[in-house]
Amino acid sequence: MASRTHLGFAPLLLRYVSLVLVASLWPVTAGRLSPAACDLFNGSWVYDESYPPYDSESCPFNRREFNCLRYGRPDKLYLKYRWSPNGCDLPRFDGRDLLERWRGKKIMFVGDSLSLNQYNSLLCLLYMAVPNQKTNSSDNGTLKTVIFEDYNVSVMFYPSHYLVDIVREKIGRVLKLDSIQGGRVWLGADVLIFNTWHWWPTRGPSQPWDFIQDGDKILKDMDRTEAFSKALATWASWVDSSINPATTEVFYQGISPSHYRGQDWGGSPKDSCSTQTQPLNASTYPAGPPPQEAIVLYTLRTMSKPVHYLDITFLSQLRKDAHPSKYNGVHYQNDCSHWCVAGLPDTWNQLMYAAVVSRK
Ligand SMILES: *[C@@H]1O[C@H](CO)[C@@H](O)[C@H](O)[C@H]1NC(C)=O
Ligand SMILES: *[C@@H]1O[C@H](CO)[C@@H](O)[C@H](O)[C@H]1NC(C)=O
Ligand SMILES: *[C@@H]1O[C@H](CO)[C@@H](O)[C@H](O)[C@H]1NC(C)=O
Ligand SMILES: *[C@@H]1O[C@H](CO)[C@@H](O)[C@H](O)[C@H]1NC(C)=O
Ligand SMILES: *[C@@H]1O[C@H](CO)[C@@H](O)[C@H](O)[C@H]1NC(C)=O
């Protein structure tokens, strides 16, 4: 049985280990992943007086981790940027329209706390789109659900750090690179949004497993990117063998970047996100893409079932200003991994909305 993954907010230290070699084995071109005439994921952030799309103080679902204004963030410019793709317009997020399109459906996020971040944003966007909505929330310790009752739309979050299973055995907790028992629950959803990566490099006391099982080998440890790559391949074959694309739509949230090191964006090594109030205006990110992005692209290209890739990495790399830093209700001294809500994850959902409306 899959273990209950508790969504600890242990500091996500995203130091990209030296994986350039691994990444360079895989070409980065997106191929059939982005059939649209315009690349929605390349562009720039522009000031927009009409932003933010809602008042985060009025959203009853906003978690303490992400509610930056409530916890004292003084600057508000970070709320006023709209993503503007090169050469085309992103449709404005229309929550009422999305609720209508999703009437009677179950939408499930599966992943780590960056997935929770997007889930939180979607709850606020949908809630604030229609005044006086009736909702019904539940949380059974694993699965969180909010039902928008007027539309009978269920929006759910299923925590999974690694997508593959952690199983408690006699020797300890085993991270099984080729097993996805959690998938039984996911199959109940009409729309699935997956992510994973941030926990793969985690070591020390917050690492939630003791051994890795790779095929019939039980290991104390292995190269984390290689492990990530194998787990993602397991997830890909699960999607290919279990999902019926006529009834279930699958999204994959790309790697969300952190901003602990100023030199990554051409700033001073002393800078972290906490000193930043504006996005970077650049057509490439100085530190380049995270090497694991190539593994995500490679994996998605090997799949036979369609997956919408939310390629959020570059546009999020530019948003060194959009993290909570110390302005959160859970006493993180400097969170440069997650994102304020309202804020950047609203754009991730806007990109998901664009994929939903472009279908027909
Ligand atoms: C975005 O487009 C610009 C201009 O065409 C290009 O130089 C840059 O490499 C692209 N960036 C990404 C992340 O695709
Ligand atoms: C970003 O830079 C481009 C040219 O380098 C400039 O035209 C544009 O106004 C800048 N945008 C912002 C928001 O500063
Ligand atoms: C709401 O939707 C669920 C499927 O998500 C369905 O089983 C249920 O019957 C619907 N309830 C109503 C009142 O329409
Ligand atoms: C909320 O939803 C649950 C599960 O569908 C149901 O059992 C419960 O009665 C609902 N509560 C309210 C107040 O409607
Ligand atoms: C919560 O609900 C999910 C989905 O129905 C189920 O798989 C899981 O076992 C439940 N967890 C608990 C602790 O009851």
Side-chain angles (χ1 to χ4, degrees), residues 1-7 23 27-31 33-34 36-46 83-88 90 98-111 116 119 126 133-160 163 165-168 179-192 242 247-249 254-257 264-266 279-294 296-297 309-320 347 351:
M1 205 194 96
S3 79
R4 299 248 302 276
T5 24
H6 292 277
L7 202 84
V28 187
T29 44
L33 296 174
S34 48
C38 160
D39 180 3
L40 291 177
F41 304 102
N42 193 353
S44 58
W45 290 97
V46 297
W83 177 244
S84 173
N86 292 336
C88 56
L90 192 55
L98 190 53
L99 284 164
E100 198 58 70
R101 289 171 189 266
W102 277 346
R103 191 178 279 280
K105 292 193 171 166
K106 295 195 167 80
I107 317 305
M108 190 184 290
F109 287 84
V110 179
L116 181 67
Y119 167 75
L126 293 178
Q133 282 196 80
K134 283 203 298 292
T135 59
N136 175 354
S137 311
S138 60
D139 183 346
N140 78 355
T142 304
L143 194 66
K144 299 180 198 309
T145 304
V146 174
I147 305 175
F148 293 86
E149 294 194 321
D150 303 336
Y151 297 86
N152 192 20
V153 171
S154 301
V155 185
M156 301 183 266
F157 176 71
Y158 182 99
S160 176
L163 299 181
D165 299 328
I166 298 174
V167 179
R168 202 172 277 282
S179 166
I180 295 202
Q181 293 297 316
R184 283 195 307 254
V185 178
W186 312 341
L187 286 176
D190 304 286
V191 178
L192 284 162
S242 311
T247 56
T248 310
E249 198 162 9
I255 293 173
S256 171
D264 286 354
W265 60 85
L280 189 69
N281 183 14
S283 60
T284 56
Y285 190 62
Q292 292 75 19
E293 186 180 275
V296 173
L297 283 166
Y309 177 39
L310 295 175
D311 183 5
I312 55 151
T313 307
F314 171 65
L315 64 92
S316 306
Q317 283 178 321
L318 299 177
R319 295 308 307 273
K320 57 192 172 56
T347 297
L351 289 157

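Both counts, for ligands and for their atoms, begin at 1 and track the order of listing. Since this is a predicted model, take the numbers as computed values, not measurements.
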Between [X] (side chain) and [Y] (backbone), is there a donor-acceptor pair under 3.5 Å?
| X | Y | answer |
| --- | --- | --- |
| T313 | I255 | yes |
| D190 | K106 | yes |
| R319 | L280 | no |
| Q317 | I312 | no |

For [atom], which protein heavy atom lies nearest, and how many Å away is it?
| atom | value |
| --- | --- |
| atom 6 (C) of ligand 3 | N152 ND2, 4.2 Å |
| atom 7 (O) of ligand 3 | K106 NZ, 4.8 Å |
| atom 1 (C) of ligand 1 | N42 ND2, 1.5 Å |
| atom 9 (O) of ligand 1 | T284 CG2, 3.6 Å |

Any idea which of S283, P85, A282 brings a heavy atom closest to atom 8 (C) of ligand 1?
S283
For a 4.5 angstrom cut-off between non-hydrogen side-chain atoms, does I147 reach K134?
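Of all side-chain heavy-atom pairs linking K134 with I147, none is under 4.5 Å.
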May I ask you to list the atoms of ligand 3 that are less than 4.0 angstrom from any heavy atom of G104?
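Heavy-atom distances to G104 below 4.0 Å select 2 (O), 4 (C), 5 (O).
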Under the 4.0 Å line, does any protein heavy atom show up next to atom 11 (N) of ligand 1?
yes
Just to be sure I read this right, does ligand 5 sit under 4.0 Å from the backbone of V185, its side chain, both, or neither, counting only heavy atoms?
side chain
List ligand 1 atoms under 4.0 Å from F314, heavy atoms only on the residue side.
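It comes down to these atoms of ligand 1: 13 (C).
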Number the atoms of ligand 5 from 1 as they appear, then name those within less than 4.0 Å of a heavy atom of L143, with their elements.
4 (C)
Before accepting this row, confirm whether a basic side-chain N of the pair K144/D139 lies closer than 4.0 Å to the acidic partner's carboxylate O.
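Judged by the 4.0 Å cut-off on N to carboxylate O distance, K144 and D139 do form a salt bridge.
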To the closest 0.5 Å, what do you measure between CH2 (W102) and OG (S154)?
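Between W102 CH2 and S154 OG, I get 11.5 Å after rounding to 0.5 Å.
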